[in-house]
There are 2 protein chains.
Amino acid sequence: MGTTKSEVFTEEENRIADLAKAFAHPARVAILRLLAEKKACVCGDLVDELPLSQATVSQHLKELKRIGIIKGDIAPPRVCYCIDEVVWNEAMQSFGLLFSSYLKNDCC
Amino acid sequence: MGTTKSEVFTEEENRIADLAKAFAHPARVAILRLLAEKKACVCGDLVDELPLSQATVSQHLKELKRIGIIKGDIAPPRVCYCIDEVVWNEAMQSFGLLFSSYLKNDCC
DNA sequence: AATTTATATCGTAATATTGCGATGAATTAG
DNA sequence: CTAATTCATCGCAATATTACGATATAAATT
């Protein structure tokens, strides 16, 4: 136990859950906002903007990369991060569909 | 450690992260979908639809209630769950704003 | 009053997440 | 070649999450 039983859910349910994870931590929300608004791009600048250690920020960036919603462009010794437009749009559409599937009718 | 440093982030960042948590597990995505499409409402029906134990489903429902995105109407011995329209709309708008804040220009 | 039904909660085990200091790797600057 | 810079990764500790059997609760039914 302690592990999500991914096998028993659909691909789509698992993907939406994963995309949601990108936004499920305030630090990652802050990072995505900075990247979306192009207020920062280089990893170091993100660290400066965030009240977390460099190691912790780097870990959140890694998780966002795993999900695919950001990508990193290496320009040694720096790395420039940015939103992956394709995945961003995928997330926008998936959540949009989900939100709009709500049929307001009287149950409770 | 192991705890999110909520104090150092804005109210809004924390709120968005919390709303995202509602969707950050495939079981909760499945529950919210069923409720959104009104294919289920009573807790027992949700348990029947989901490949998880009653205790686990109940725990996910509790988390969704904590976030506020669903509410439960007690009609003993049953409980009828449904989407909380206000919070659902709050989530829809928050994510909508966030997604549309992405300025596509050339950085990386 | 005893039983049944539906749901919540407890207790526990396993795994995941969060956070950070220290260290490593890769490149540029001197 | 030696630093200095930037970022990733390791290793660890603390806490959170996930899952479920067992049990508790609460009302309806018998």
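These numbers were taken from a predicted model, which means no experiment stands behind them. Order of the sequence lines fixes the chain letters, A, B, ..., with proteins taken first and strands second; residue numbering starts at 1 for each chain.
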Quiz item: For Glu63(A) and dT9(D), what is the distance between atoms CD and P respectively, to the nearest whole Å?
Solution: 13 Å

Practice problem: Assign each of Thr4(B) and Lys5(A) to its nearest nucleotide of DNA chain D by heavy atoms, then name whichever residue's nucleotide is nearer the 5' end. | Solution: Thr4(B)

Self-check item: dC20(D) phosphate, OP1 or OP2, under 4.0 Å from Thr56(B) side-chain N/O
Solution: yes

Quiz item: Rounded to the nearest Å, what distance is computed from the CD1 atom of residue Ile31(B) to the P atom of nucleotide dT18(D)?
Solution: 11 Å

Quiz item: Nearest-Å distance, CE (Met1(B)) to P (dC20(C))?
Solution: 7 Å

Quiz item: Within this structure, what is the CZ-to-P distance between Arg66(A) and dT18(C), rounded to whole angstrom?
Solution: 11 Å

Self-check item: Heavy-atom donor-acceptor pair, Gln59(B) side-chain to dA8(C) base, under 3.5 Å
Solution: no

Self-check item: Whole angstrom value for the distance that separates P of dT18(D) from CZ of Phe9(A)
Solution: 10 Å

Exercise. Report yes if some heavy atom in the side chain of Asp84(B) is under 4.5 Å from a heavy atom in the side chain of Ile69(B); otherwise report no.
Key: no

Quiz prompt | Separation of atom CG in Leu61(A) from atom P in dT18(C), rounded to whole Å | solution = 13 Å

Practice problem: Kindly say if His60(B) contacts the phosphate of dT17(D), meaning a side-chain N or O under 4.0 Å from OP1 or OP2. | Solution: no

Quiz item: Should Lys62(A) and Ser58(A) count as side-chain neighbours, where that means a heavy-atom distance under 4.5 Å?
Solution: no

Quiz item: Want to settle it: does Asp45(B) or Pro77(A) sit nearer the 5' end of DNA chain C, counting the closest nucleotide to each?
Solution: Asp45(B)

Practice problem: Using the closest heavy atom to pick a nucleotide of DNA chain C for each, name whichever of His25(A) or Gln54(A) lands nearer the 5' end. | Solution: His25(A)

Quiz item: Is any side-chain N or O of Arg78(A) closer than 4.0 Å to OP1 or OP2 of dA26(C)?
Solution: no

Quiz item: When you check the phosphate oxygens OP1 and OP2 of dT17(D), does a side-chain N or O of Lys21(B) lie under 4.0 Å from one of them?
Solution: yes

Practice problem: Kindly indicate, with the supporting measurements, whether the criterion side-chain hydrogen bond (donor to acceptor under 3.5 Å, both in side chains) is fulfilled by Thr56(B) and Gln59(B). | Solution: CA-CA 5 Å; Thr56(B) 303; Gln59(B) 201 169 287; over 6 Å; no

Quiz prompt | From dC20(C), dT27(C), dA8(D), nucleotide with atom closest to Pro76(A) side chain | solution = dT27(C)

Quiz item: Contact class for Val42(A) (heavy atom, under 4.0 Å): base, sugar-phosphate, or nothing?
Solution: sugar-phosphate

Practice problem: Decide, yes or no, whether a salt bridge links Glu63(B) with Arg66(B) under the criterion of side-chain N to carboxylate O below 4.0 Å. | Solution: yes

Self-check item: Close side-chain approach of Glu13(A) and Arg33(B), heavy atoms under 4.5 Å
Solution: yes

Exercise. Using the closest heavy atom to pick a nucleotide of DNA chain D for each, name whichever of Ser6(A) or Lys65(A) lands nearer the 5' end.
Key: Lys65(A)

Exercise. Starting at atom CD1 of Ile74(A), determine the distance to atom C1' of dT9(D), rounded to an integer number of angstrom.
Key: 14 Å

Exercise. Evaluate the pair Cys41(A), Cys82(A) and indicate whether the two SG atoms are within a distance below 2.5 Å.
Key: no

Exercise. Choose from dT7(C), dT9(D), dC20(D) the nucleotide whose nearest atom is closest to any side-chain atom of Leu52(B).
Key: dC20(D)

Quiz item: Should Thr3(A) be listed as having a side-chain N or O under 4.0 Å from OP1 or OP2 of dT15(C)?
Solution: no

Self-check item: Protein-nucleotide distance (Lys62(B), atom NZ; dT18(D), atom C1'), rounded to Å
Solution: 14 Å

